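As the structure is a computational prediction, the values presented were derived from the model and not from experiment.
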Amino acid sequence: KFLREKSPCPITGEPLSVDDLLPLKTNKAIKPRTAPATSIPGLLSIFHDEWDALMLETHTLRQHLNDVRQELCHALYQQDAATRVIARLIRERDDARGALENAHATLVAEATAKRAAAAAAAEPAAKKARTPAIPEEVLQELTEVNVTLSKSRKKREVPKGQASPDEVARLNLLASAPLHKTTQGGIEAVDIHPENSAVVATAGADSTIQLYDYKATRLVASMEGHAKRVTGVQFVTGGVLLSSSADKTARIWRQDAEGGYACAAVLRDHQAEVVGVTVHPSKKYAVTASADASWCFYDLATATCLKQVAEENMREAYTAVQFHPDGLILGAATEANMIRIWEVKAQKNVASFGEHTSPVRSLAFSENGYYLASGAEDAVKLWDLRKLKVLKSFSPYEGSPAACHAVSFDFTGQFLAVGGPDVHIYNSKQDWNVVRTLSDMPKKGVHSLRWGENARTLVVGAADHNLRVFGLTA
């Protein structure tokens, strides 16, 4: 029919006729069914055999699947066990490295402490004799430093990178490290290394001083020598450190060739607990205050007490001491709820503040020299030194068993940190409103505070022997 309608070949396209076709023969016979398939019982038997074979194959596949699952579970258990073993070995390795570093620092500190103790024991009493008055050349130097700092302060601009109030409001915990012995927990004072802001010096209730690098999470040095709790610590330079203690002494520590710190001198001029130490802006002199109601002015180069000041009509034990940023004024707090302002050159009490109703535990001058913050159990008070009166009074912990133990201004004087059961940060440019509260502190509260560079970090020493560092997260 196709050839009649269309003559070309559908494949080649060439002419095609019926004669060109070939006959195709096929076998028309139908293959007969098997004998069992010719009846219904036979067909049922065939279907039954096929079903049994299918079920057997399914059972075999399920057994194989179960075996594969068991092998997979065993392999996963082995992999998990190997991962745990590797993690444990890595942790043990890190712990061993840390213990080795701590042991090295401790051995160096013990050796230097022994050498210092031997040198102090051999020091003749005559060497400790002090002059009846501060030498004139020292007074002249104090005046020159005061003039220089006063002039530069008036022209000083806000440092580049200074934290804004919004950034301070976002301060979070960056690091926390347990330092000092847990049996005698408590960090009494902290200070930040002037050349490496990641290194913090801590004064412990266990009578040791420790230097900790919170970025590298390692103990840099441990200094032993004091017999009782260390009440204060402050860097003079990166290689010189001062400390005060309840053992009636203060010590000068100097960095040695191995990177540790050795006791260079023991200052034994007080007759009672030395409650604090403060360094003069010139970095050449320092003052210690004691519960024996006296303060001593020291020449750090010679470790000599140039003048010990104790007034007969002022027999109150001192509780805190702080140099004014210009270096000619000294603030000292007492157990009699008083704050006494001393003129260092004349060693004269030029002002007294008695507004507190409980002993003052901490003092802090603002860097511009205008304000003095004082922390006590009853309140935190801000004093205007130009008018010699209270500018502001806060009671952040009224009714709390843990009183205010620490106050600290940042370098610009814009932010004031107050430490007690928690830490409140006040902004001087927002009518001293609280911009941030740092909680999760121990029940006995915060003992010490120190602002880092540009107010971007805040170091907190607390009663639970944990050093906390707050800062801005990336």
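A salt bridge does not link D384 with K389: every distance from a Lys NZ or Arg NE/NH1/NH2 to an Asp or Glu carboxylate oxygen is 4.0 Å or more. A salt bridge does not link E101 with R97: none of the charged nitrogens is closer than 4.0 Å to a carboxylate oxygen. Taking a cutoff of 4.0 Å between a charged side-chain nitrogen and a carboxylate oxygen, K228 and E273 do not qualify as a salt bridge. A salt bridge is absent between K345 and E136; no separation between the charged side-chain nitrogens and carboxylate oxygens falls under 4.0 Å. A salt bridge links R84 to D80: at least one charged side-chain nitrogen sits closer than 4.0 Å to a carboxylate oxygen. Salt bridge E355/K381: absent, no basic N to carboxylate O contact under 4.0 Å.
Distance alone, capped at 3.5 Å, places no donor-acceptor pair between the D378 side chain and the H356 backbone. Of the possible donor and acceptor atoms, none in the side chain of S150 sits under 3.5 Å from a partner among the backbone N and O of T148. Side-chain atoms of S362 do not come within 3.5 Å of backbone N or O of S448 as any donor-acceptor pair. For the pair W295 (side chain) and Q308 (backbone), a donor-acceptor distance under 3.5 Å is absent. Distance alone, capped at 3.5 Å, is enough to place a donor-acceptor pair between the S244 side chain and the G232 backbone. A donor-acceptor contact shorter than 3.5 Å links the side chain of H324 to the backbone of D326. Counting only distance, with no hydrogens or angles, the side chain of H180 and the backbone of D206 share no donor-acceptor pair below 3.5 Å. The backbone N or O of A227 sits less than 3.5 Å from a side-chain atom of D247, completing a donor-acceptor pair. At least one donor-acceptor pair closer than 3.5 Å links the side chain of H193 to the backbone N or O of G238. Under a 3.5 Å cut-off, the side chain of D256 and the backbone N or O of G259 do form a donor-acceptor pair.
With contacts defined as side-chain heavy-atom distances shorter than 4.5 Å, the pair Q162/F415 qualifies. Considering only heavy atoms from C-beta on, V220 stays 4.5 Å or farther from Y212 through its side chain. Taking 4.5 Å as the limit, some side-chain heavy atom of V321 sits within range of a side-chain heavy atom of V287. Side-chain contact check for I192 versus V459: some heavy-atom pair is nearer than 4.5 Å. In this structure, the side chains of H465 and L179 stay at 4.5 Å or more apart for every pair of heavy atoms. Counting heavy atoms from C-beta on, the side chains of L300 and K284 never come closer than 4.5 Å. With a 4.5 Å cut-off on side-chain heavy atoms, V230 and I209 count as touching. In this structure, the side chains of L211 and L219 stay at 4.5 Å or more apart for every pair of heavy atoms.
Side-chain contact of T437 with H424: a donor-acceptor pair under 3.5 Å is present, judged by distance alone. No side-chain N or O of T334 forms a donor-acceptor pair with one of N337 less than 3.5 Å apart. Side-chain N/O atoms of R436 and N172 include a donor and acceptor closer than 3.5 Å. Using modelled atom types, one finds no donor on one side chain facing an acceptor on the other under 3.5 Å when comparing Q210 with T202. Counted by atom type alone, T208 and H226 present zero donor-acceptor pairs between their side chains at under 3.5 Å.
The side-chain hydrogen bond (donor to acceptor under 3.5 Å, both in side chains) test with R450 is passed by exactly one of D191, T457, D410: D191. Checked against I425 for a side chain to side chain contact (heavy atoms under 4.5 Å, CB included), the options N433, V434, V435 give a single hit: V435.
Ring centroids of F353 and W383 are separated by less than 6.0 Å, placing the two rings close together. For F297 and Y285, the distance between ring centers is under 6.0 angstrom.
Other residues, nucleotides and ligands place more than 12 heavy atoms under 6.0 Å from the CD atom of E144.
Figure legend: cation-pi geometry between R386 and Y370, with NZ or CZ positioned under 6.0 Å from the six-membered ring centre and within 45° of its axis.
Considering only residues two or more places apart in sequence or on other chains, S290 meets the side chain to side chain donor-acceptor pair (under 3.5 Å) condition with D292.
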